[in-house]
Undergrad: 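Sending over a structure as structure tokens; questions will come in a sec.
To find a chain, count down the sequence lines: A is the first, B the second, and so on, and within it residues start at 1.
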Amino acid sequence: MNTVVCIKQVPDTETKVKVHPQRPALDPEGVKWVISPYDELAIEAALRMKEKMGGTVTVVSMGPQRVEETLRTALAMGADSAVHIKEDLDVDAITVARILAKAIQGLPRDLVLVGKQAIDDDSGQVGPALGEFLGVPSVGIATKLEVAADKKSAKVSRQIEGAEENLEIPLPAVLSVQKGLNGIHEPRYPTLPNIMKAKSKPLKAQALKDLGLKPEETAPRTQVAEMALPPPRKAGKLIEYETPQEAAQKLLTLLREEAKLLQI
Amino acid sequence: MALEAPIRALLVAAILAVSLSVFGIRMAHLLRLMWRAKPTPIFNLHLFPWVVDVPERIRSLIVYGFLQKRMFKEWYGGVLHAFIFFGFLVLFATVVQFVGEGLVGPDFQLPLAAGDTPSRLIEPLALFVDLFIAFVFLGIAMAMFRRVVIRPKKLKGSFADGMIVLTLILTIVTTLALVTAIHILRQEFPASAAWTPVSRVLAGQIGRAGWSPELTGTVNEAAWWGHLLALFGFLAYLPFSKHFHVVTALPNVFFRSLEPRGRLRPMDFTVMGENDRYGASRVEDLTWKDILDSYGCTHCGRCESVCPAAGTGKPLSPKKIVVDVRENLTASSRDILAGGTGTRPALIGPEYITEDELWSCTTCLACVEECPVFIDQMGKIIEMRRHLVMMEGKMPAEAQGALRNLEVNQNPWAFNNEKRADWTEGLQVPLLKERGDATQLEVLYWVGCAASFDERNKAVARSLVKIFRAAGVNFAILGTEEKCNGDPARRMGNEFLGQTLIKANAETLNRYKVHTVVTACPHCFNTFKNEYPQFGFNARVIHHTEYIAELLQKGRLKLKADGQGKTTATYHDSCYLGRYNQIYEPQRDILKSLGFQLEEMKRSREKGFCCGAGGARFLMEERLGTRINQNRVQEAAETGAKILASACPYCLSMMEDGAKTTNLNEKLTPKDIAELVAERI
């Protein structure tokens, strides 16, 4: 079972988000970068499949030099090789999928996994778009995956509103991974020997021109016009009271007169 | 009736030969296994401190080995053991006598018994032996009573072995008493009967019973052989038994670690290879001292009886850890001596030590403090955690989350390190980088993660700032340049991450020429004081309670009278201040100078009961057994105190949580000592 996992380097969830002073983008100054958590679960899913069925796991990511560290972390988790599309582009999800598809095409793959969404822009589009560009089926937000012994097909489940959808798909295919896929809630913790081994695993850096992509093909389809932090939340109001009745009365008054939420 | 002397000599020689060979072969085997284990710097011939250490080691051997200081922490076991131990030392003289009689002939006498000169020492020796026969009897009676009637939980699992040993000792002294009595009766005893008050009574009984000379002869002969057989049977049995401690306990005390208590062995990561192994998954991954520990354990269970995990229904027993090491060693010995490539039962697994046991440890050091022969239970647990975390990536999910937070945010929770100094808002706390370096400062206040990020503990940090200001202390903090001190990562077994943090902090502190560190966190305190010197940072490290006590004593800090009369308070000892660093008094002194009436809990000072947070347990859920913190808060409430004072952020959080969840928070208010002081400024 050969699996390709597309991963994205994102700011850590605890990052103090700042807008770039010159352009409508995140200011990378002082940001701690991590693998997007759903992508990490996708790596874990791929590694478990490899442990069960053999084969390889290749991780692919795009971004500046710093992305190499993220790829090394994936290799330390147990991936066999990595492809780094070394380009620092502010592009939309569809363009990212187009670039990734080109990079993936030559790789051994029975399956392509992505996280259901990256936790920075939360667009969730790379998975489905990747299926389109690769010309293979794609299933979004998968919660169960069972590959047939001949690796020609797979049974997949996905959550839909109030129900579960069970599908059978031919492979290769693209799957976007939801937390809890096959019971996976936590990615593994890289062991020291694997961190050491990761240092000598193949990590191939590629530029857009190496992929044979023309500039017009990678031109973004959307543009971020503006980026701003949400207005700071006002402090809550603490009701001081002696009895519960008094507290309820004060709350009612506030809801009526200040919040204007109650007409009665 | 008696055998011809040459035949007797031959038989005795045969018994001796068999017994000594069994003992010797087994000893050689056990020493070879020890040799296969890892080296330890505890006692390293290549290190200079070895020479410096020796007087201290001899002192400790006398105090803890021969005088059994730690045994008397528990009076019953201590007394019965002293009877048997000293009895055996004294009775050793009779071994020489019996062997001599056997090999040389019935006329053999100890050198000091020969002749009729007034300088003979035989009489006081006879008195000594005679008294100790009685003491050993008493000791055995107490021990048997405990094993058969009291049956304390801590002795579980060694009934058969214990009874075999006690029966052998009983046989040894009974036969000795019989032989002595018969000798007295026959007036063959070399000392006058006045010197043998105990055996004389037995002799009198036998005399009154009117035994025929033949019967007396037969009993004498039987007792004589019984004594010899029991004695040498005992010797041969020893190295197969838990009672091997007779041989190993004293060396174990001699070779004990003289380093600061609970200091972890730093691992060397300077050269790392893909096939290196870290931590212990096999017995021989432990050090030779760990193996000696396992030989020295008598299964007395004192460690188990003080262990907060064992005491609250968790699967861990420090005794079981040590016993399992020895049993796994026995099961693995063939493979170990064959080079260690074959199969054997796993040390960490369902048959021996489970992961749940390893993760239950709070590293409170109660077991290590309690062990009469200085076994290091905790060190073994950490070595096995090291294996689980660094080699297998196996740990509770919350522990993994905490390690990742430490990697990304340099604190164990998911807080951005940029927010580390947010608690200072409005206080204008000076940052060290604004001062250039620390040379002009009195102290660097090391805030620590808990006081930086935890709401409850931020109040302690603010109190301490108030105290510094009131006493005119010239201080600064590192702010966002501070990183976790490394303790939680190290105690979780991630030595690599722990050292990464330690080295980064040491670099920062040295760059700023920090000479004095004050911290309110005993975990930071212990790590800086006892572990950072191994990574190149040496400074005076003071816990905030020590510092406050000093400020009060020097008169730099003046307290207002509170005019409320005497309030009762109890103090909960932090393990990392108490057992790790033997700091028990400043906290109590401060409470007294604040005018509190101090009520001690049953378990206090070196017997203090952990809050449940140490060993990075504060980062993990407590899913097994009952809650340690509730157990402790209930104990605190039993003193009738209104204030539950503590001196550690994790103790404080644990006590807060324990008080709330047991509804004791209306009776008992948990406070850090700094808060109590700040209220009176």
Undergrad: Can you check whether chain A and chain B share any donor-acceptor pairs under 3.5 Å, and give the atom names and distances if they do?
TA:
residue : atom : partner : partner atom : Å
B:E274  : OE2  : A:S200  : OG           : 3.0
B:M390  : O    : A:L192  : N            : 2.7
B:Q400  : NE2  : A:P187  : O            : 2.6
B:R404  : NH1  : A:E40   : OE2          : 2.6
B:R404  : NH2  : A:E40   : OE1          : 3.0
B:R404  : NH2  : A:E40   : OE2          : 2.5
B:E407  : OE2  : A:Y189  : OH           : 2.5
B:N409  : ND2  : A:D12   : OD2          : 3.3
B:Q410  : OE1  : A:K32   : NZ           : 3.4
B:N416  : ND2  : A:E14   : O            : 2.9
B:N494  : ND2  : A:Y189  : OH           : 2.7

Undergrad: For B:A280 versus B:L286, what's the shortest heavy-atom pair and its separation?
TA: CB-CD2, 3.8 Å
Undergrad: If the condition is side-chain contact (heavy atoms from CB on, under 4.5 Å), which residues does B:S332 pass it with, not counting sequence neighbours?
TA: B:V283, B:N328, B:I336, B:R344
Undergrad: When you check the side-chain N and O atoms of B:Y532 and B:N505, is any donor under 3.5 Å from an acceptor?
TA: yes
Undergrad: I'd like to check the ring pair (Phe, Tyr, Trp, His ring centres under 6.0 Å) partners of B:F535; sequence neighbours left out, ordered by chain and number.
TA: none
Undergrad: Side chains of B:T354 and B:E357: donor-acceptor distance under 3.5 Å anywhere?
TA: yes
Undergrad: In terms of heavy-atom proximity below 4.5 Å to chain A, should B:L388 be classed as side chain, backbone, both, or neither?
TA: neither
Undergrad: Using the side-chain hydrogen bond (donor to acceptor under 3.5 Å, both in side chains) criterion, which residues pair with B:N665? Sequence neighbours excluded.
TA: none
